[in-house]
Structures are given as structure tokens and as C-alpha cells.
Number of protein chains: 2
Amino acid sequence: MGLREPVILPHLQDCGSCTIRHRAVCARCDSDELARLEQMKYYRSFQAGQTVIWSGDRMDFVASVVSGIATLTQTMEDGRRQMVGLLLPSDFVGRPGRSTAAYDVTATTDLLMCCFRKKPFEDLILSTPHISQRLLEMTLDELDAAREWMLLLGRKTAREKIASLLAIIARRDVSLNPRRSGLIVFDLPLTREEMADYLGLTLETVSRQVSALRRDGVISLEGKRRVTVNDFDRLLEVAGDDSDGGYPV
Amino acid sequence: MGLREPVILPHLQDCGSCTIRHRAVCARCDSDELARLEQMKYYRSFQAGQTVIWSGDRMDFVASVVSGIATLTQTMEDGRRQMVGLLLPSDFVGRPGRSTAAYDVTATTDLLMCCFRKKPFEDLILSTPHISQRLLEMTLDELDAAREWMLLLGRKTAREKIASLLAIIARRDVSLNPRRSGLIVFDLPLTREEMADYLGLTLETVSRQVSALRRDGVISLEGKRRVTVNDFDRLLEVAGDDSDGGYPV
DNA sequence: GCCCTGCCTTGATGCAGATCAAATGGGAAC
DNA sequence: GTTCCCATTTGATCTGCATCAAGGCAGGGC
């Protein structure tokens with residue numbers, strides 16, 4: 001599906017430090033590499049709504065999300081916007097070998113990022129193949145997610161789009177906070193407009209289709225943001241996904 | 001734009017052999033690695049229309065396109081189809097670390113692929129960091145292309161979509177066959193239906209919009225497939241692209 | 001020459017979602 | 001409490017593209 005399932009390594013919660021180590025390096029730990037990463041890292045924090053970087057700006061760092069949510073969006077001259085990625089904790093942003101940002105990166109919640117200046121990071125990549133292999137895996141996951149999203153954008157109906165997005169968020173939420181009960185409850189991390197930008201819809205259509213899913217009993221709403229998924233299989237069915245709805249690994 | 005500009009290395013034409021060396025290895029050549037790749041490669045050819053592999057099938061090889069064009073498509077149970085990638089000569093297909101195909105791969109023209117069994121290829125990657133670095137670059141390019149295509153699918157009109165596709169093909173054609181004259185002429189490598197599957201449209205809409213661009217003088221047609229771009233800047237303008245329409249590198 | 005087949009074009013109509021517009025409601029500041 | 005603000009909902013209408021339905025046309029087999 002469009003949003004990749006974050007790979008939450010089991011020891012993530014135990015480590016208050018920068019998560020890039022877990023995603024990019026820890027899998028094949030080496031204390032020397034870790035030390036070098038540790039040494040060059042620095043933190044940046046942003047408030048909800050703040051822009052991290054504008055498309056086209058010089059970008060002399062790479063980073064990973066420690067906490068909060070950021071979005072990648074593209075904008076046409078006339079203002080039409082399309083979100084092309086959602087950055088969750090442990091996700092990586094920035095492109096070794098490119099010096100300008102290709103997308104607007106915006107904090108949708110308060111955001112903490114762990115950054116590395118690009119040049120030394122690139123040097124580290126050159127000398128430690130583990131890291132580029134890890135980055136390759138992550139990038140391939142993102143590519144799969146982007147292609148899954150292309151199917152959604154090109155061929156799904158508004159109702160299917162909404163159900164797909166809810167299913168993704170629900171699944172991610174379950175993996176982050178394993179359930180006691182059978183019901184899945186979560187807070188939408190996006191406004192209706194942000195959902196629209198992600199799904200290639202207008203905010204009015206998003207609102208209408210969310211209401212329709214509520215009327216049909218697929219979900220329940222508490223306030224505008226808190227969603228209860230009454231029947232996850234039904235949600236997947238509405239989303240038009242394959243039986244498992246899962247992400248091939 | 002959606003289709004990445006193929007990186008045509010200058011010596012590509014001079015080498016009749018498998019192109020993966022140029023994309024994945026040659027940039028930082030090492031005769032030993034080349035010899036190992038050379039040793040394990042084998043060729044497979046397909047006729048136009050043939051399916052290379054179905055989504056979900058076991059895929060025990062990776063490959064690069066030597067000649068011809070292949071497509072990556074996803075299909076929903078009810079038959080809705082979305083093309084998510086177009087493979088041109090020198091493009092790579094297959095995913096180290098995954099054992100099943102994620103998409104249908106189909107030859108749209110006669111196709112020759114240079115294949116490597118997955119296991120030994122993965123072993124080679126582990127021992128030669130150059131290759132995973134090269135694969136990372138290629139994958140990042142594909143990711144950018146996929147995200148550009150998300151903007152097209154989510155926010156562009158039918159007319160803009162057609163113009164965008166024509167602009168991409170035209171630009172690729174220019175880079176492959178440098179022009180003598182100012183006019184760009186090429187044969188469409190896709191049927192109307194394939195264009196529709198790529199653009200998230202129906203084939204009727206594709207046909208109508210191509211005709212409209214012809215009526216408006218943006219392009220000329222000779223038969224159904226041969227296209228002349230009368231004014232490339234005008235085409236880019238219709239496509240709704242940024243001034244250069246180019247691909248950030 | 002003929003017909004057949006696949007691809008493409010063109011026309012008529014319908015509808016999902018966009019657009020325009022107004023109302024609702026909840027939270028924060030006071 | 002009241003007011004303001006802004007996200008959201010809801011309603012009315014419009015429209016771009018899909019859908020349904022006929023042709024047209026070029027190439028290949030005979």
C-alpha cells in the first residue's frame with residue numbers, strides 16, 4: 001500500500017537516540033561505524049506546520065525522523081498539490097548524490113529530526129557498504145509504496161481511496177501499538193485537506209466519503225480525528241485491495 | 001517526469017554485450033567483478049505481447065533490458081490496470097532480497113533481457129559495494145520518477161497527461177538520437193490502451209486528447225503512431241510542467 | 001481482388017467528483 | 001460564560017472523463 005509499513009526494530013523503543021542507526025546501520029552493527037555516525041549527528045526540531053525545506057533549495061544534509069510526522073509534496077505553478085510521501089519516525093529523507101531538495105518537506109506535527117551533513121555522510125557510505133545496502137533496501141520499499149500509490153491515484157474511486165488510506169494508517173497503528181481488544185482505534189495524523197492532497201481528491205470529497213463510511217458502519221468517528229475501525233476485513237474489501245491487503249515482502 | 005531519462009553512457013552503443021555492466025558496474029569498473037558478472041549472465045528473449053513474469057510468481061533472477069521495451073503493471077481483481085513503470089534498454093528489473101515478482105512484467109515490443117540468477121547476484125552485491133551503490137542510485141532515480149508520476153496521476157488533466165507523456169518520450173528520443181533538424185519526430189512505443197493504462201485514463205480519452213493536440217497544432221500525426229512535435233516548449237506548457245520540464249539531478 | 005481482425009476514432013449520454021457556497025461545531029483566547 | 005477562528009460538514013450545481021456504441025482504416029491471409 002501507499003504508506004510503507006515502518007520497520008520497527010524490536011529495540012527501537014529502548015533507545016532514546018537517533019533512529020537512523022536502527023534503520024540504516026543497526027541491522028549489521030559495527031561499533032566503529034556507529035561511533036562515526038554518532039559523532040556527526042545533530043538534531044533539528046520543527047513545529048507543526050513549519051516547512052523543513054522547499055523544493056529546489058540547497059539541501060546539504062540527510063536526516064531521519066526521530067518523532068513526529070512530515071510530508072513530501074509537489075506543487076504545480078497554479079497551486080495544485082500532490083503529496084508524494086509521508087515520513088514517519090525512523091524514515092529517512094535526503095538523497096546522497098543530490099544537492100537540492102526535490103520536494104517540499106513539511107512538518108504536519110511537531111517534528112524532531114536527526115541530521116547528518118551530507119558530505120561526511122556520503123564519505124561514510126563509501127567506506128561502509130552496510131549502509132548503502134540498508135539504504136537500498138529502504139529505497140526499494142519506498143519505490144514499492146510509491147507504485148502501489150500510483151494504482152490508487154490512477155484507478156481507485158474516492159471511496160476506495162479513503163478506505164485504503166484508513167487501512168494503511170490502521171495497520172501501522174496496530175504494528176506500533178499492539179492491541180488488547182479486537183477494535184482498532186487511532187487518531188488521524190492528517191487534516192482532511194492533507195488527506196485530499198495525498199489521495200488526489202478535494203477536501204470536500206474526502207469529508208463526504210469519510211462520512212459515508214461512517215454511515216455505512218465501516219468505521220465510527222469520535223470527534224473529527226478519532227477513528228474506530230469496526231471491521232477491518234470490510235475496510236480492506238471497500239479499499240479494493242487483494243485479500244490480505246498486505247505488502248509483499 | 002514519470003519516465004526517467006535513461007542514463008546512456010557514452011560507450012553503450014559500442015558494446016554489444018549486456019548493458020547491466022554499464023548501468024550497475026561500469027561506472028567504477030573492476031575487471032574481476034566484470035568477469036564474475038559476465039560468467040553468470042544468460043539471455044532471455046520475448047516476443048511482443050509476451051508476459052515475462054506475473055505478479056506473485058516466484059522470481060529467481062534479476063535482469064537488465066538489452067533491447068526492446070517492457071512494462072510493469074498492477075491489476076485489481078476487477079481488471080482495472082495501472083502501469084507503474086516502463087523498462088527501457090539499460091533498465092534494471094528485479095529486487096535483491098525479494099523472491100516473488102511484485103508486478104506483471106510484459107514485453108510490449110520484442111525484448112531481449114540479460115539475466116542473472118538471483119542468489120549469486122546477491123552474493124556478488126554483498127562482496128562488491130560498487131554494485132549496491134549503483135543500484136541505489138538507479139533506484140533513487142526510479143523513485144523520483146514514480147513520485148513525479150504520482151503528481152500526474154493525482155492532479156493533471158487528461159490533456160496535460162497526454163502532453164506530459166509525449167514530452168517524456170520526445171525527450172528520451174532526442175537523447176537517444178541526437179537531431180539534425182529542430183523538429184522532433186518519433187514513433188509511439190505504446191498503443192492507445194497502454195498509454196491509457198499508464199496515464200490512468202481510458203483509451204477513448206487518450207484518442208480524443210491526442211486528436212485535440214493535433215487539431216491545436218501542438219503535434220502532427222503521420223499514421224497512428226508517428227508523432228511530430230511542432231513546438232516542444234508549447235508541449236511542455238500544455239503538460240503543465242515547470243519551465244524546463246527537466247528532471248532534477 | 002476479398003474479407004477479417006485489431007487498433008483507432010468519433011459520437012451520444014451518464015455520472016463521480018470538482019466547484020461554489022453556506023452552515024456547523026469545537027477549541028482557544030478573553 | 002462569549003466571541004472568534006478555522007476545520008469540517010453539507011448542499012447545489014457543473015463538468016471532465018467514463019461508458020456505451022458505431023464506424024473507419026490499414027495490414028495480412030486467402
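Letters A, B, ... are given to chains in the order of the sequence lines, protein chains preceding strands, and every chain is numbered from 1.
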For a quick check of understanding: with a heavy-atom distance under 4.0 Å over all strands, which category does T191(B) fall into, base, sugar-phosphate or nothing? sugar-phosphate
Does R225(A) have a side-chain nitrogen or oxygen under 4.0 Å from the phosphate oxygens OP1 or OP2 of dT8(D)? yes
Under a plain distance cut-off of 3.5 Å, with no hydrogens placed, do N230(A) and S220(A) share a side-chain donor-acceptor pair? yes
What's G49(B) touching, base or sugar-phosphate or nothing? Going by heavy atoms closer than 4.0 Å. nothing
So what does L203(B) hit on the nucleic acid, given a heavy-atom distance under 4.0 Å: a base, only sugar-phosphate, or nothing? base
Could you check how far CD of Q209(B) sits from P of dT9(C), rounded to whole Å? 12 Å
Heavy-atom pair with the smallest gap, counting every atom of T109(B) and I69(B): OG1-N, 2.8 Å
Mapping L201(B) and R214(A) to their closest nucleotides on DNA chain D, which lands nearer the 5' end? R214(A)
Can you see whether F61(B) has R44(B) sitting over its ring - NZ or CZ less than 6.0 Å from the centre and within 45° of the normal? yes
Assuming nearest nucleotide by heavy-atom distance, tell me which of R155(A) and G223(A) is located more 5' along DNA chain D. G223(A)
Would you say the ring centroid of Y198(A) lies under 6.0 angstrom from that of W149(A)? yes
Is the phosphate of dT9(D) approached by S207(A) (side-chain N or O, under 4.0 Å from OP1 or OP2)? yes
Using whole Å, report how far CD of E193(A) lies from P of dT9(D). 13 Å
R208(A) atom CZ is separated from dA16(C) atom P, nearest whole Å, by 13 Å
Of dT9(D), dA18(D), dG17(C), the nucleotide closest to the side chain of S211(A) is dT9(D)
Roughly how many Å is it from CD1 in I162(B) to P in dC8(C), rounded to a whole number? 12 Å
Round to a whole Å and report the spacing from CG of D197(B) to C1' of dC8(C). 15 Å
Rounded to the Å, how far apart are K224(B) NZ and dC25(D) P? 9 Å
Using modelled atom types only, decide if a donor and an acceptor are shared between the side chain of D144(B) and the backbone of D141(B) within a distance under 3.5 Å. no
Nearest whole angstrom, please: distance from the C1' of dC8(C) to the CD of E222(B). 17 Å
Figure out the CZ/P separation between R80(A) and dG17(C), and round it to whole Å. 18 Å
